[in-house]
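Report on the following structure.
Letters A, B, ... are given to chains in the order of the sequence lines, protein chains preceding strands, and every chain is numbered from 1.
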Amino acid sequence: MECGIGGACLAVWEEERYPEGIKWKFLEHKGPVFAPPYEPLPENVKFYYDGKVMKLSTKAEEVATFFAKMLDHEYTTKEIFRKNFFKDWRKEMTSEEKSTITNLSKCDFTHMSQYFKAQSEARKQMSKEEKQKIKEENERLLKEYGYCVMDNHKERIANFKIEPPGLFRGRGNHPKMGMLKRRIMPEDIIINCSKDSKIPAPPPGHKWKEVRHDNKVTWLVSWTENIQGSIKYIMLNPSSRIKGEKDWQKYETARRLKKCVDKIRNQYREDWKSKEMKVRQRAVALYFIDKLALRAGNEKEEGETADTVGCCSLRVEHIKLHPELDGQEYVVEFDFLGKDSIRYYNKVPVEKRVFKNLQLFMENKQPEDDLFDRLNTSILNKHLQDLMEGLTAKVFRTYNASITLQQQLKELTNPDDNIPAKILSYNRANRAVAILCNHQRAPPKTFEKSMMNLQSKIDAKKEQLADARRELKSAKADAKVRRDEKSKKTVESKKKAVQRIEEQLMKLEVQATDREENKQIALGTSKLNYLDPRISVAWCKKWGIPIEKIYNKTQREKFAWAIDMAEEDYEF
DNA sequence: GTAGTAACTTAGTATGACCTTC
DNA sequence: GAAGGTCATACTAAGTTACTAC
């Protein structure tokens, strides 16, 4: 690229073109795709109440099918889920239904559930042609509604389909689980596009809630969801210019933090000694955010969401102080539920001053009291803004994730390794980041089995290797006796065979290690959201690793800017 | 400071396409 | 061609941040 930092050129050009928060000049799209209308159950699929067949009204039946489809799920056994579901279901019933159906436990959805299972089974058993037909229909939909024109580019839309109605499945212990997520109608929809574009037509007989032309935002379509009352949006794909640029900007901000992080660290260390309680709390919280990559931790309305916390919203009950633990001094034991109700558990030795401060913050408090009672994310972010323009709590997560990847790659990559071994090193570096950011996953259901399969493959390969080695040995012995060209050649080919099998075996063993270490760790989130892709691109270039080994097709599309931009000497 | 709203990023999981193996 | 495993993708919930009005 002629200007070294290609993206910077683009941004300058961008800034010139779009002053003060203008996101686009032209935006045209086809509007959203609505969920298919409800298809009533066939007559022979029955619902039973209190042991007796009962024909439900269409509206009540639709909501009943949502429950029936989830019958095998643990959710439907939870009291809150059942209570919320039943309450919302009753709202959809006719008055007769309402007076008959008074107890969820007397409802028998099993026949309906069996019907849906049979349906999904039938879907799996469909012929190639039928599947092809569905595929083509999806492609047609994508072609028609999946793209928009933003300025001079045709861009892929991320989620052009409106979320279908169903039962709300919150994560963790969510007080609203089981509530009815209502069907979204054109009358709920706000369309955003440019004035001079072809405005999408609502479905026949319907109207949009509103059509607006706001080029200070990036969304195409929005509606208000009925569970939390929050707004949902249709936006562009990560491969789009508008998302890519924002992503690039994010990493540039993190790189600016790199330049002043030492100063900031010195500053908060000083602040641990401050006379002001607020300043001390801010400094300790920032230390956690920096050292442990914790999230900011906004306050949440009680009873509206699952009880989860981040740094600023930590409560006394979430930490334990150990003046000494397992031979280490001043250990803080964290145990709390973070985003998505993922548990954060960690024992961390901290500096004495931090420890003493924590003791102070916890004095005379109840377990359910805020640890940082003088602090919230707004105060913290205002302070960060003063330290560096554009600095917020989450920049630390990005910074620490990316710098960790870079440093781990340096440390772990062995120049003499072959490609699979180098990729293992990459994954290990990625894993270090995922552990830092606490990106967990449920172990895959098939994990044990797939490990066993892999192991038996390894065993088979080992036997094969032993055989090949025996053959090589006898070929060598043979060649020694015969001393002719043909037997020499045989030795050579046997040697090659041994080498080939050795390589295959190693590849399998590496795969097994990688998989085992990854059992409960999710690499995708950090790869997609926290790791400056230019680090990975540079690493691939440096070691001759094909980029496809690190990024799949979608990821390559998302990171096209970085693949284009980064050379092998790129430094985060 | 507080509370509420809007916009946008980050997150784990369910689903289904695809590939391999028998 | 069925079965089984793996991987990518779709989905949508759950965060963060900025901003506004009191």
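Close placement of the A/F85 and A/F67 rings is indicated, their centers lying within 6.0 Å of each other. Checked against the 6.0 Å centroid criterion, the rings of A/H439 and A/Y530 qualify as a close aromatic pair.
Rounded to an integer number of Å, the gap from A/E139 CD to C/dA10 C1' is 16 Å. As rounded to whole Å, 12 Å separates atom P of C/dC19 from atom CG of A/N381. A/K549 places its NZ atom 15 Å from the C1' atom of C/dC7, with the value rounded to the nearest Å. Protein atom CG of A/L337 is 14 Å distant from nucleotide atom C1' of C/dA14, rounded to whole Å. Counting to the nearest Å, the P atom of B/dG1 and the CG atom of A/D373 are 14 Å from each other. Whole-Å rounding puts the A/M70 CE to C/dT12 C1' distance at 13 Å. Rounded to an integer number of Å, the gap from A/L531 CG to B/dT9 C1' is 15 Å. Rounded to whole Å, atom P of C/dA10 lies 13 Å from atom CD of A/Q555.
A donor atom on one side chain and an acceptor atom on the other are not found under 3.5 Å apart for A/K232 and A/S222.
In terms of phosphate contacts, A/S378 brings no side-chain nitrogen or oxygen within less than 4.0 Å of OP1 or OP2 of B/dT2. Between A/T392 and C/dT16 there is no side-chain N or O to OP1 or OP2 distance below 4.0 Å. For A/K394 and B/dT10, the shortest distance from a side-chain N or O to OP1 or OP2 is below 4.0 Å. For C/dT16, the OP1/OP2 oxygens have a side-chain nitrogen or oxygen of A/N298 closer than 4.0 Å. For C/dA13, the OP1/OP2 oxygens have no side-chain nitrogen or oxygen of A/K176 closer than 4.0 Å.
Applying the side-chain contact (heavy atoms from CB on, under 4.5 Å) criterion to A/N215, with sequence neighbours excluded, gives A/I22, A/W24.
Between A/A393 and A/G170, the residue anchored closer to the 5' end of DNA chain C is A/G170, taking for each the nucleotide with the nearest heavy atom. Mapping A/K382 and A/D247 onto DNA chain B by nearest heavy atom places A/K382 closer to the 5' end of the strand. Where A/E299 and A/T218 each meet DNA chain B at their nearest nucleotide, the meeting point lying more 5' is that of A/E299. If you find the closest nucleotide of DNA chain C to A/A306 and to A/N159, the one lying nearer the 5' end belongs to A/N159.
When the options A/K25, A/K23, A/R241 are evaluated for a salt bridge (Lys or Arg N to Asp or Glu O under 4.0 Å) with A/D151, the one that passes is A/R241.
In summary, A/D340 and A/R171 engage in a salt bridge, as defined by a charged side-chain N under 4.0 Å from a carboxylate O.
Checking C/dC11, C/dG15, B/dT10 against the side-chain heavy atoms of A/K161 singles out C/dC11 as nearest. Of the candidate nucleotides C/dG15, B/dC8, C/dA10, C/dA10 has the atom lying nearest to any side-chain atom of A/R156.
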Q: Would you sort out whether A/Y251 and A/F572 count as a ring pair (Phe, Tyr, Trp, His ring centres under 6.0 Å), showing the intermediate values?
A: CA-CA 9 Å; A/Y251 293 112; A/F572 172 75; 7.3 Å; no
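With rounding to the nearest 0.5 angstrom, the CG atom of A/N298 is 3.5 Å from the OG1 atom of A/T377.
Using a 30° and 60° split on the angle between ring planes, A/Y268 and A/Y287 fall in the perpendicular class, above 60°. Between A/W219 and A/Y233, the ring-plane angle classifies as tilted under the 30° and 60° cut-offs. In this pair, A/F109 and A/W89 present their aromatic rings tilted. The plane angle is within the 30 to 60° band.
Within residues 221-240 of chain A, the residues approaching DNA chain C are A/Q228, A/K232, by heavy-atom distance under 4.0 Å.
Residue contacts shown for A/T377 are absent, as no nucleic acid heavy atom lies under 4.0 Å away. Among the heavy atoms of the strands, none lies under 4.0 Å from A/G310. Within the nucleic acid shown, A/K181 comes within 4.0 Å of sugar-phosphate atoms alone, with no base atom in reach, counting heavy atoms only.
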Q: Sugar-phosphate atoms are those with a prime plus P, OP1 and OP2; base atoms are the rest. Using that split, label each nucleotide of nucleotides 11-22 of chain B B, S or - for protein heavy atoms under 4.0 Å, 5' to 3'.
A: BBSS---S----
